[in-house]
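Read the structure below first, then the notes.
All residue numbers refer to positions in the sequence shown, counting from 1. Below, each value reflects all heavy atoms present in this structure, side chains not excepted, and no hydrogens, waters or symmetry copies. Indexing begins at 1, ligand by ligand and atom by atom, following the structure's order.
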Amino acid sequence: MQDISKRFVEVFGANPEVVAAAPGRVNLIGEHIDYSDGFVLPFAISDTTTVALSRRQDQVIRIASAQKSTEIVETTLAELIPLTGESWARYALGVLWVMKIDTGVDLLIDGRVPLGAGLSSSAALECSIATAVNHLFKKGLSLAELARASQKAENDYVGVPCGIMDQSVSLMAKSGSALLLDCRDLSSENIPFLIAPQGLELLIIDTQAHHKLVDGGYAERRASCERAVAELGITSLRDISVADYAARQSELDPVTYIRGFHAVTEMKRVLDAVDALKANNFSRLGDLLNQSHRSLRDDYTVSCPELNLAVDTALEQGALGARMVGGGFGGSAIALIKSDQVKRCETAIQKAFSDAGFKAPRFFTSLPSDGARVISN
Ligand code: GLA
């Protein structure tokens, strides 16, 4: 906090009026169903993006990043136009646009969520700014409204058709818990997720792979789910049971059917995972993670060789369960594994990646952490 304030003074010549932070996330289970009104079960990681913000007397917006020592992006309120702007600053500009601020600002960003690892560094950035703006401009928005605003910034300003999960958990998470989020109305329940006392750890494996399909592939999967809803004449995939969906297979083309099948089965797996957690049944949780991965790999087809190798190797090393997380086509996998097996598992994955000629993976662990907060003003 002191660091960012000090840096703010160096860059902008005065103390910031507010400092706020928001975390990245890992999704335990409930993948690719937030945009189908599903339930998801993510938690916030301890890595955050911190921002420092001050109002200005004029209409100028200046944005600097602690990770980009010299560059300052400068624009004006009038120039906030969706689908334009500097690449790294677009997410920040999108939030300022959507929050309808009425004076210029100076903004410094310190992003500490690993980039490109599928841990939602973009949601952390959006939500930290939304939290700071909400506080400083006395907007009085609820966490759900801030989540919707941050999502709108990403959808409409940046042009990424993401769902609502990442922003919601970045804002609403509670330490020690996973967030059972109803993506239809953004109501939520904190589900205790305390695995260390069970001798377990959740290893995060960043494959460092980024396949080209990331953008088009996501939008295409989303469109398949929308097509299934339209053709079946239902309100959403949330509103049909697995059995009823399967019974109507002949009404859909094969690709649409199988993608919708992932969604309806994943929705059930989330609720089953909550039951498993409430019963401290971690082998059941592990099974559900494995089923989720298979469904994402074989039915939804959003995995990739690097993610599959990470998952398979973790299971060979004794993990109770493992799966890809996030949008897919690269990014991270998670493995639920006994704490004393973590090192061995990391070494095996490292070797498997090197043998396959893949880029070296990175490993993280994180306890479930708190969501966004105002740190000082
Ligand atoms: C990305 C999106 C989320 C969600 C996941 C898949 O992280 O931003 O909204 O759809 O993919 O579960």
Taking atom types as modelled, is there a side-chain donor on His262 or Asp298 under 3.5 Å from an acceptor on the other? no
Going by heavy atoms, is Arg221 under 4.0 Å from ligand 1? no
Which ligand 1 atoms does Arg25 reach within 4.0 Å, using its non-hydrogen atoms? 7 (O)
In this structure, atom 10 (O) of ligand 1 is nearest to the protein heavy atom Tyr218 OH, 2.6 Å
For Met165, the ligand 1 atoms whose distance to one of its heavy atoms is below 4.0 Å: 4 (C), 5 (C), 12 (O)
I need the atoms of ligand 1 closer than 4.0 Å to a non-hydrogen atom of Tyr35, numbered in the order shown. 10 (O)
Atoms of ligand 1, numbered as shown, that sit under 4.0 Å from any heavy atom of Gly326: 6 (C), 11 (O)
Decide whether Met165 and Tyr218 are clustered together by the hydrophobic rule: side chain heavy atoms of Ile, Leu, Val, Met, Phe, Trp, Tyr closer than 4.5 Å, transitively. no
Using side-chain contact (heavy atoms from CB on, under 4.5 Å) as the criterion, list what pairs up with Cys304, not counting sequence neighbours. His211, Glu306, Leu307
Is it the case that atom NZ in Lys268 sees more than 12 heavy atoms from other parts of the structure closer than 6.0 Å? no
For the 3.5 Å polar cut-off, considering only N or O atoms, please tell me whether Glu31 and ligand 1 meet it. yes
Between Val105 and Leu108, is there shared hydrophobic-cluster membership here, with clusters defined by ILVMFWY side-chain heavy atoms closer than 4.5 Å? no
Quick one: which of Arg62, Arg7, Arg55 gives a salt bridge (charged side-chain N to carboxylate O under 4.0 Å, His left out) with Asp106? Arg62
Among Leu93, Val51, Val95, Val133, side chain to side chain contact (heavy atoms under 4.5 Å, CB included) partner for Leu107: Val51
Looking only at distances, please establish whether an N/O atom of ligand 1 is found under 3.5 Å from an N/O atom of Ile33. no
My understanding is that we take every heavy atom of each candidate and find the minimum distance to atom 7 (O) of ligand 1. Doing that for Asp166, Val325, Leu119, Val160, which one comes out nearest? Asp166
Identify, by atom number and element, the atoms of ligand 1 in contact range of Asp34, meaning under 4.0 Å from any of its heavy atoms. 3 (C), 4 (C), 9 (O), 10 (O)
